[in-house]
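Notes for the one structure printed next.
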Amino acid sequence: MIYRGFALVAVLVACLMITTSATLVYAMTELNAQITYNQVAHTKAKLAATSGLNHFISLGLHYEDLRELSQGRDGEFIVLESRTIDNDYYRVSAVLGDDDIFYVYSKGEHVTGERIVASAETAASFQSLWMQK
């Protein structure tokens with residue numbers, strides 16, 4: 001009789017260990033999937049921000065052009081807004097500085113449906129140089 005009780009306890013302990021192991025494997029896999037999803041979403045937001053900065057650079061705007069776009073407002077103003085092929089958004093804004101220097105900020109957002117899942121920003125400074133002939 002004692003032998004059967006010992007065998008039953010051993011089987012229950014073995015079942016508990018297997019169940020615990022399976023639960024831990026599932027939890028670790030689920031957590032890794034969530035981390036990977038977040039990394040992909042952030043990468044897409046960074047790519048959208050970089051796309052915005054590249055779009056701005058392709059326009060070839062100078063300090064004087066941005067001064068006209070600002071319409072005399074001080075501080076940060078939006079230069080352009082658009083979306084990427086993946087339907088992620090970017091917004092590019094600029095701030096005019098001294099000595100024909102301007103600062104450009106691009107914010108990218110990865111969107112799922114109507115919800116912003118991730119956002120990232122990138123910035124650059126530019127200086128317009130003028131040469132006389």
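At a threshold of 4.5 Å between side-chain heavy atoms, the hydrophobic network of Ile, Leu, Val, Met, Phe, Trp and Tyr places Leu80 and Tyr105 in two separate groups. Tracing side-chain contacts under 4.5 Å through hydrophobic residues (I, L, V, M, F, W, Y), one never reaches Leu53 starting from Leu47; they form parts of separate clusters. Both Ile57 and Val104 belong to a single network of hydrophobic side chains, linked directly or stepwise wherever heavy atoms of I, L, V, M, F, W or Y lie under 4.5 Å apart.
Distance CG/Asp98 to OH/Tyr63: 6.5 Å, rounded to 0.5 Å. The NE2 atom of His62 lies 12.0 Å from the CD atom of Glu68; values are rounded to the nearest 0.5 Å. Thr122 contributes atom OG1, which lies 13.5 Å from atom OH of Tyr90 (distance to the nearest 0.5 angstrom). Once rounded to the nearest 0.5 Å, the distance linking OG1 of Thr84 with NE2 of His55 reads 12.5 Å. One distance of note links CG of Leu59 with CG of Asp65; it measures 9.5 Å at 0.5 Å rounding. Rounding to the nearest 0.5 Å places OG of Ser21 at 9.0 Å from CG of Leu16.
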> Tyr37 and Val117: side-chain contact (heavy atoms from CB on, under 4.5 Å), yes or no, with the steps?
Replying inline: CA-CA 10 Å; Tyr37 176 78; Val117 177; 3.8 Å; yes
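Note on ring orientation: taking the six-membered ring where Trp is involved, the planes of Phe56 and Phe102 are perpendicular (angle over 60°, cut-offs 30° and 60°).
Shown here for Ala48 and Gly108, the closest heavy-atom pair between the two residues is CB-CA, 3.9 Å. When all heavy atoms of Ser106 and Gly52 are compared, the closest pair comes out as OG-CA, 3.5 Å.
No donor-acceptor distance shorter than 3.5 angstrom exists from the side chain of Tyr103 to the backbone of Glu76, with no hydrogens or angles considered. Judged purely by atom type and a 3.5 angstrom limit, Gln127 uses its side chain to pair as donor or acceptor with the backbone of Asp99.
Contacts of His42 classified as side chain to side chain donor-acceptor pair (under 3.5 Å), with partners at least two apart in sequence or in another chain: none. Under the rule for a side-chain contact (heavy atoms from CB on, under 4.5 Å), the partners of Ser119 that lie at least two apart in sequence or sit in another chain are Lys107, Glu109.
More than 12 heavy atoms of other residues, nucleotides or ligands shown are found within 6.0 angstrom of CG on Asn87. Atom CZ of Arg73 is surrounded by more than 12 heavy atoms from other residues, nucleotides or ligands within 6.0 Å.
Results of the side chain to side chain contact (heavy atoms under 4.5 Å, CB included) test with Leu66 over Leu61, Val95, Asp100 single out Leu61 as the only residue that passes.
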